[in-house]
Amino acid sequence: MPDPTIRVRIAPSPTGPLHIGTARTALFNFLFARHVGGTFLFRLEDTDVARSTVAYERDIIDGLHWLGVTWDEGPGIAGDGDIGPYAPYRQMLRLGFYKAASDRLLAADLAYPCFCTPDELDADRKAQEAAKQPPRYVGRCAHLTAEERAARLAETGRPPATRFRVRPGVVGWNDLIRDRIEIDTANLGGDFVIVRGDGTPLYHFVVIVDDAEMKISHVIRGEDHISNTPKHILLLEALGHPIPVFGHLPLILNPDGSKMSKRKTQTAVDDYRAEGFIREGLINYFAYLGWSPGTEEDVLTLDEIIERFDIDKVQKGGAKFDRGRLEWLNGQWIRRLEPDDLIDRLRPFLEAALDDGRIDRLPSDEDVRALLPVVQERLPTLAAIVDLVGFLWVDDLAVDPALIVPKRWDAATTHEGLAAAREILSAHDAVTWEADELEPPLRELVEARGWKAGDLFMAIRVATTGRTATPPLFDTLVALGRERTLGRLDAAIEALVTVAETGR
RNA sequence: GCCCUCAUCGUCUAGAGGCCUAGGACGCCACCCUUUCAAGGUGGAGAUCAGGGGUUCGAAUCCCCUUGGGGGCACCA
């Protein structure tokens, strides 16, 4: 079943934290490879030295691993050495390959040194824009004699860039998900730079040198690369390399339909992680952005997605990012987690809450486990745990007395109700402090007084938790404990005296 | 400006000529359950398949045009 001829890659550039778009593209490559038993590799495109950082490298590598998108070749997990037959997998460590390739092109006159200065290029651009012409390199250095080159060098005083000659004609390919695409090279913007004046190679060049060297069979990437593909094919051709199969994925869009941007959509995977989105939810959601199994299944594990993945079923049109749907899927997955697993995953969020003072102490694993039956189905995200039941671990609960009085009751009734409830609850000892034991006597109280259970329960709820929405009341009181419950009731009763006297 | 590309409910999508009076899911609404909030269950509103021409006995599905959206055109990736 393994197919050694299938080799795909994700090649992010470490110029920012792991982006949702990168994660999705990585996932699709990963799914494609895993489904057929091919190889998935990770390569760092770090030739933009000015913007690349090691911190971003780590973020991307860690984030992808966290999601479960792991590679067969590439940097090791802990930042240790690269693994695989084509190591190293980071471009700044592969400069020799690019130098050799550009020398070959230069020697064959398929590329040439370009002495144009940024100012000259800028002026060209402006003139073209003014003339409503598409921007393109004018070819100033395309046919210089040796003497002219020497003169230009002396004149500009800076080392030349290397420009690739774009041959006339039409370049086409059979796109994996869009069928035939053909582009006239006249529309490519003229000869393009493949190596900067400082000797560092540019994206279009390194990507094909590495893809060829690493025997990439399928290049699966975002739709935004469609117009780059002819350049890549031309380069591959000039170097005599085989042309891989190209497949262009639909883009993830902002809700307004534009290409996803940090400004309009939260794009860092880290940020979702920090909010308590779990990998299962994120992966499930990403997979369904532009793909579906063609069945009516919605909630699938990574393995199930791998099993069903079919590149032919990938959508062509872009998909708007829908956070609401992500939240729903995340909730689905949180509900499916095993207790031990969920407790582990909740831990960091509880610790964070302790750190910033939203709670005063940490519950034990057993405390959390006891809560799970009533809490698990109420968590859209892991971080929501603090919002939901943080009041359990707060020492001094600040409750607005006005909030304690249920809609249909006045302060005096509420005071009376809470006092009576306090009396009944205090009769329980630590042993009978169980939900099943606490509820019946309070129901009897309500019955005797002709009250509505909901009113009394709401008063108790707010008095003991400070909130009008909580997990089931008696489970909550059990979690709170006898002493704290009685203490909070006392505080509320006292506060109500004041309110009653002041007249609300 | 030029080139490329896309087009089914608000959103993600099913649909590869007759199974479609277009299915599912999210969201929304109602009801049920219920001490609140969720979850869950049931039901509902919601797409003249962007528009117009063809092809065909028959088109959401094939072709053309129009319109609209998106992407690209760097010594960024």
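The basis for the numbers below is simple: all heavy atoms, side chains too, and nothing from hydrogens, waters or symmetry mates. Here is the naming used below: chain letters follow the sequence lines, and residue numbers restart at 1 for every chain.
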A.B. asks: A/R196: which residues meet the side-chain hydrogen bond (donor to acceptor under 3.5 Å, both in side chains) condition with it, sequence neighbours left out?
C.D. replies: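 Residues passing side-chain hydrogen bond (donor to acceptor under 3.5 Å, both in side chains) with A/R196: A/T200.
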A.B. asks: When you get a sec, tell me which of B/G71, B/A38, B/U35 is the closest nucleotide to the side chain of A/F474?
C.D. replies: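 Minimum distance to the A/F474 side chain belongs to B/U35.
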A.B. asks: Pairs in or reaching into residues 280-295 of chain A: which pass side chain to side chain donor-acceptor pair (under 3.5 Å), with residues at least two apart or in two chains?
C.D. replies: A/E280-A/R345, A/N284-A/W333, A/T295-A/E297
A.B. asks: Take atom P in B/U48 and the same atom in B/U61, then report the distance between them in whole Å.
C.D. replies: 15 Å
A.B. asks: So, A/D256 versus A/S258: side-chain donor-acceptor pair below 3.5 Å or not?
C.D. replies: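 Present: a donor and an acceptor within the cut-off.
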A.B. asks: Taking the C1' atom in each of B/U34 and B/G18, what is the distance between them to the nearest angstrom?
C.D. replies: 49 Å
A.B. asks: Could A/E155 and A/R152 be called an ion pair, given the rule that one side-chain N must be under 4.0 Å from one carboxylate O?
C.D. replies: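 The answer is yes: the pair qualifies as a salt bridge.
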A.B. asks: Output the residues of residues 200-210 of chain A in contact with RNA chain B, where contact means a heavy atom of the residue under 4.0 Å from an atom of the strand; sort by number or write none.
C.D. replies: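 Contacts with RNA chain B under 4.0 Å: A/L202, A/Y203, A/H204.
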A.B. asks: Could you tell me which nucleotide pairs with B/C19 by Watson-Crick or G-U wobble geometry, both distances under 3.5 Å, or answer none if nothing does?
C.D. replies: none
A.B. asks: Please enumerate all residues that pass ring-ring contact (aromatic ring centres under 6.0 Å, His included) together with A/F474, with sequence neighbours excluded.
C.D. replies: A/F457
A.B. asks: Any ion pair linking A/D310 and A/K313 (charged N to carboxylate O, less than 4.0 Å)?
C.D. replies: no
A.B. asks: Taking the minimum atom-to-atom distance to the side chain of A/R335, which one of B/C26, B/A74, B/A39 wins?
C.D. replies: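 From the listed options, B/A39 comes nearest.
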A.B. asks: Classify the nucleic acid contact of A/L251 as base, sugar-phosphate or nothing, counting any heavy atom under 4.0 Å across all strands shown.
C.D. replies: sugar-phosphate
A.B. asks: Centroid distance below 5.5 Å plus an interplanar angle below 30 degrees: do A/H248 and B/G71 meet both conditions?
C.D. replies: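 Stack criterion not met.
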A.B. asks: Does A/H232 have any ring-ring contact (aromatic ring centres under 6.0 Å, His included) partners at least two apart in sequence or in another chain, and if so, which?
C.D. replies: A/Y203, A/H204
A.B. asks: Using a cut-off of 4.0 Å between protein heavy atoms and nucleotide atoms, how would you tag nucleotides 4-14 of chain B 5' to 3' with B, S and -?
C.D. replies: SSS----SBSS
A.B. asks: So if I take residues 156-169 of chain A and measure heavy-atom distances to RNA chain B, which residues fall below 4.0 Å?
C.D. replies: A/R158, A/A161, A/R163
A.B. asks: Quick one: label A/Q91 by what it contacts on the DNA or RNA (base, sugar-phosphate, nothing), any heavy atom closer than 4.0 Å.
C.D. replies: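 Contact class for A/Q91: none.
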A.B. asks: Heavy atoms from C-beta onward define the side chain here; which of B/C75, B/C73, B/U35 lies closest to that of A/R443?
C.D. replies: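 My answer, after comparing the listed nucleotides, is B/U35.
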A.B. asks: Taking ring-ring contact (aromatic ring centres under 6.0 Å, His included) as the definition, give me every residue that meets it alongside A/F164, ordered by chain and number, with sequence neighbours left out.
C.D. replies: A/F192
A.B. asks: Could you pull out all residues at least two apart from A/S261 that satisfy side-chain hydrogen bond (donor to acceptor under 3.5 Å, both in side chains)?
C.D. replies: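 So A/S261 forms a side-chain hydrogen bond (donor to acceptor under 3.5 Å, both in side chains) with A/N254.
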A.B. asks: What's the separation between atom CG in A/L379 and atom CG in A/N330, rounded to the nearest 0.5 Å?
C.D. replies: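 Going from CG on A/L379 over to CG on A/N330, the span is 10.0 Å.
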A.B. asks: Could you please name the partner base of B/C73, counting Watson-Crick and G-U wobble pairs only when both distances are under 3.5 Å?
C.D. replies: B/G1
A.B. asks: Report which part of the nucleic acid A/D198 touches: base, sugar-phosphate, or nothing (heavy-atom distance under 4.0 Å, all strands).
C.D. replies: nothing
A.B. asks: Which residues pass the side chain to side chain contact (heavy atoms under 4.5 Å, CB included) test with A/R323, sequence neighbours left out?
C.D. replies: A/Q266, A/Y272, A/E275, A/F277, A/F321, A/E327
A.B. asks: Identify, with sequence neighbours excluded, every residue that meets salt bridge (Lys or Arg N to Asp or Glu O under 4.0 Å) alongside A/D124.
C.D. replies: A/R140
A.B. asks: Please give me every residue in residues 460-470 of chain A whose heavy atoms get under 4.0 Å of an atom in RNA chain B, ordered by residue number.
C.D. replies: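 Close to the strand are A/R461, A/T468, A/A469, A/T470.
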A.B. asks: Less than 4.0 angstrom from a charged side-chain N to a carboxylate O is my criterion; do A/E439 and A/R443 meet it?
C.D. replies: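 Looking at A/R443 together with A/E439, the answer is yes, because their closest N to O distance falls below 4.0 Å.
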A.B. asks: With a 3.5 angstrom cut-off on both distances, give the Watson-Crick or G-U wobble partner of B/A39, or none if there isn't one.
C.D. replies: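 Because no pair has both required distances under 3.5 Å, B/A39 counts as unpaired.
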A.B. asks: Which base, if any, makes a Watson-Crick or G-U wobble pair with B/C26, both distances under 3.5 Å?
C.D. replies: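 B/G10 is the nucleotide pairing with B/C26.
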A.B. asks: Considering every strand and a 4.0 Å limit on heavy-atom distances, what is the contact class for A/R136: base, sugar-phosphate, or nothing?
C.D. replies: nothing
A.B. asks: Have a look at A/P12 and say if it touches a base, only the backbone sugar-phosphate, or nothing, with a 4.0 Å heavy-atom cut-off.
C.D. replies: nothing
A.B. asks: Between A/E45 and A/R221, does any NZ, NE, NH1 or NH2 come within less than 4.0 Å of an OD or OE carboxylate oxygen?
C.D. replies: no
